[in-house]
Protein chains: 2
Amino acid sequence: MQPSDSLREQMIAQYDAMSAQLQQAARYVLEHPQDVALVSMREVARHAAVQPATMTRLAKFLGLPGYDELRAQYAAALREGGDGFAAKVQKRVDEGSERGVSDIASHMLQGLSVQLEKLCEPDSLRRLEAAADRLKSARKVYVLGLRSSHAVAWHFHYVMTLLGERSVHLDGPGGTGGDALIRATSEDVLLVISIKPYAAGALELAQLAKAQGVGIVSITDSEVSPLVALSEQVVLCPTESDSFFHTLTPALAVSEVLCNLLAEFDRPKTLEALQQADEHLLHLNTYATAIPRRR
Amino acid sequence: MQPSDSLREQMIAQYDAMSAQLQQAARYVLEHPQDVALVSMREVARHAAVQPATMTRLAKFLGLPGYDELRAQYAAALREGGDGFAAKVQKRVDEGSERGVSDIASHMLQGLSVQLEKLCEPDSLRRLEAAADRLKSARKVYVLGLRSSHAVAWHFHYVMTLLGERSVHLDGPGGTGGDALIRATSEDVLLVISIKPYAAGALELAQLAKAQGVGIVSITDSEVSPLVALSEQVVLCPTESDSFFHTLTPALAVSEVLCNLLAEFDRPKTLEALQQADEHLLHLNTYATAIPRRR
DNA sequence: AGATATTTGCAACAAATAAATCATTAAAAT
DNA sequence: ATTTTAATGATTTATTTGTTGCAAATATCT
């Protein structure tokens, strides 16, 4: 799938010696080898969010005469890969008969994959859309998820924070998480994430919020979840998995979809907000592309 | 290896209805499907000993708008072959042309589903297994994930907590998260989750830990992620999605798989630990199955 | 802090591409 | 045998391609 190996390895080895733009280009090439073979350089550059010239420069950096040679190598690799496809599948099947450790993993992952596909059913999509609409109309969105659901709640809140300042995460040290609801009104919405077993604390807070007139939108796992009775909108997601634990992956996926639907609602505003966040984080040196020097 | 089947069959079926030149072109296309995808029309024409215009005419004869569409079909077919079975769905995703609200959602979900399937490839499974092995052998597992990766880190830690007391979450108020590493030794392992853009803080802490002799296992998004250089084991997961944001869903899935592999390692102990946790939480009235009465 | 080198974005270029147009040739039908 | 039709080849045109040169921006070093 990758070209003659030497090229791929060379790219990885010399990655650190590349400039930022070159790295961005190289990274895309590494992660989308088929594209290099199948689409034009300018298009690859567009996908990689890089100037066309950078692709040429990458090729030269790797010691090739030009981009065409780079493409040729990837094309050759793809030819082989395509031919050997049958063999590859066969290999996979053979390995599958071992029933080993990686079988467990593969089983789980495929199960999760199927569950995500099930979320594409019309009913789920309707619920997602309705939930997004409801969240959209809120002045503030309070986000609540305790115990295992904390991960989803926090992630939703984090993304919403990048988008603006409408989100409030109901969590805090010493059990003070619910305090932020003090000034919540009927113009606001509470997004609750809770799956079985339902954390009592989350249900209590949700009920309290509802009593204050706050609209409730929930992500939960069943039509008979206690949250359904409280909520204006419910998105259901499966949690069963071939493992000891319930899975949160579908719930997280749902959360990400909601975030994106909200972002899509006003693209210009979203883009502006994201750019603003980018600049802010850049000034703070929040991010790094290499291992920072010890200080 | 051949395009959507219908095209290949159509060519064979209508072969007799073609003119001599068209037949010559069609014959070459049928016998060299890869060339159609990988080289220009003129070159294909030259190899087929046919006028360039004939290739265009062949495409139109098959009811396609132009030769580009023909090439696109063959390129898509080659992608499938090269990329594996998951790519079939990807094609559906790529073809998504309408952008209704629920189309966006279903698009995203299908994309995520495909990514999870890709994690089932042998290489990924090997990495997962190796990472699980390394974590298994650790005395303590420190878990680190900042910013967006916090969700994954926390979830991993949460599940590990249910399983025993080997896990330490490197997070805390006032930037004290790293303090727990004070007593970390070479018997311990640090699990770092970080995806692009990489939080500088996470890299710093990981580097510090490594300097202390702590083994590093990481979940990250690329072969050229700065974490790779530090880590004994790396699990790669995709983060691209048809949305404004990077997706964490595959990373979370990887984390859940790791948890489960660790749990599977010693089933009796796992079951006992889970039962113990159940009892504990029951006594604390942590969970509820119905809306609790207001107090 | 200033000087130097490197990196990056932009625009222009020539070459090549796919498609459209027209002229010529071969085949079919009257 | 002549007209009509379809097929083929040559030519032209508007894009698109990969590359290069140059100026602005950025980083690096003294």
Side-chain angles (χ1 to χ4, degrees), chain A residues 3 7 11 14-29 32 35-76 275 278-279 282-283 285 287-293 295, chain B residues 3 7 11 14-29 32 35-76 200 224:
Chain A
L7 234 191
M11 262 170 110
Q14 302 193 4
Y15 187 82
D16 292 324
M18 297 181 193
S19 71
Q21 290 293 300
L22 243 42
Q23 287 189 344
Q24 196 171 328
R27 167 179 278 253
Y28 184 87
V29 169
H32 302 83
D35 278 23
V36 178
L38 294 172
V39 309
S40 74
M41 179 190 88
R42 287 181 119 91
E43 208 161 331
V44 173
R46 260 214 313 283
H47 287 133
V50 155
Q51 289 275 339
T54 306
M55 302 308 298
T56 299
R57 287 165 182 154
L58 175 65
K60 304 221 153 167
F61 179 89
L62 295 171
L64 304 173
Y67 181 83
D68 273 327
E69 182 58 27
L70 186 79
R71 196 223 314 272
Q73 300 237 12
Y74 273 88
Q275 192 179 346
D278 264 358
E279 282 171 22
L282 192 68
H283 282 109
N285 285 323
Y287 297 126
T289 51
I291 299 166
R293 268 218 305 276
R295 291 171 292 191
Chain B
L7 234 192
M11 259 168 110
Q14 302 193 10
Y15 188 82
D16 293 325
M18 295 182 195
S19 70
Q21 292 293 302
L22 244 38
Q23 286 189 347
Q24 195 172 328
R27 155 160 240 150
Y28 183 86
V29 169
H32 303 83
D35 279 21
V36 179
L38 293 172
V39 309
S40 75
M41 178 189 87
R42 297 182 104 83
E43 209 160 329
V44 173
R46 199 167 330 123
H47 288 134
V50 157
Q51 288 272 343
T54 306
M55 301 308 298
T56 300
R57 286 168 180 148
L58 175 64
K60 302 218 157 173
F61 179 86
L62 295 170
L64 303 173
Y67 181 82
D68 268 329
E69 182 58 28
L70 186 82
R71 196 222 315 273
Q73 300 237 9
Y74 274 87
V224 291

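In what follows, chains carry the letters A, B, and so on, assigned in the order in which the sequence lines appear, proteins first and then strands, with residues in each chain numbered from 1. Bear in mind that the values here come from a model prediction, so they are computed numbers and not experimental data.
To the nearest angstrom, P of dA27(D) lies 14 Å from CD of Q23(A). If you measure from atom CD of Q51(A) to atom P of dA25(D), you get 15 Å, rounded to the nearest angstrom. Nucleotide dG18(D) holds its C1' atom 14 Å from the CG atom of L58(A), rounded to whole Å. Rounded to whole Å, atom P of dT7(C) lies 10 Å from atom CZ of R57(A). The CE atom of M55(A) sits 17 Å away from the C1' atom of dT20(D) (whole-angstrom rounding).
Relative to the axis of its first five pairs, the axis of the last five pairs of the helix from dA1(C)-dT30(D) to dA29(C)-dT2(D) sits at 20°, rounded to 10 degrees.
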N/O to N/O distances under 3.5 Å, protein versus nucleotides 15-18 of chain C:
{"unit_1": "dT17(C)", "atom_1": "OP1", "unit_2": "S40(B)", "atom_2": "OG", "d": "3.4"}
{"unit_1": "dA18(C)", "atom_1": "OP1", "unit_2": "M41(B)", "atom_2": "N", "d": "2.7"}
{"unit_1": "dA18(C)", "atom_1": "OP1", "unit_2": "R71(B)", "atom_2": "NH2", "d": "3.4"}
{"unit_1": "dA18(C)", "atom_1": "OP2", "unit_2": "M41(B)", "atom_2": "N", "d": "3.3"}
{"unit_1": "dA18(C)", "atom_1": "OP2", "unit_2": "R42(B)", "atom_2": "N", "d": "3.1"}
{"unit_1": "dA18(C)", "atom_1": "N7", "unit_2": "R42(B)", "atom_2": "NH1", "d": "2.7"}

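Looking only at side-chain heavy atoms (C-beta outward), Y67(A) and V36(A) come within less than 4.5 Å of each other.
Checked against ring-ring contact (aromatic ring centres under 6.0 Å, His included), H32(B) has the following partners two or more places apart in sequence or in another chain: Y28(B). Residues that satisfy the side chain to side chain contact (heavy atoms under 4.5 Å, CB included) test with Q14(B), not counting sequence neighbours, are Q10(B), F61(B). Scored by the side chain to side chain contact (heavy atoms under 4.5 Å, CB included) test, R27(B) finds Y15(B), E31(B) as partners (sequence neighbours excluded).
Side chain of E69(B) to backbone of A59(B): no donor-acceptor contact under 3.5 angstrom is found. Panel note: side chain Q21(A), backbone V50(A); no donor-acceptor pair is recorded below 3.5 Å.
Considering only side-chain N and O atoms, K60(A) lies under 4.0 angstrom from the phosphate OP1 or OP2 of dT20(D). Side-chain N/O atoms of T54(B) include none lying less than 4.0 angstrom from OP1 or OP2 on dT8(D).
Listed by first then second residue, pairs satisfying salt bridge (Lys or Arg N to Asp or Glu O under 4.0 Å) with a partner in residues 57-68 of chain A read D68(A)-R71(A), not counting sequence neighbours.
Using a 4.0 Å heavy-atom criterion, one finds that Q21(B) contacts the sugar-phosphate atoms exclusively. Residue-level contact check: A53(A) touches the bases, meaning some heavy atom is under 4.0 Å from a base atom.
The two atoms that bring M55(B) and A45(B) nearest to each other are CG-CB, 3.9 Å, heavy atoms only. Of all non-hydrogen atoms in V44(A) and D35(A), the two that sit nearest each other are CG2-O, 3.8 Å.
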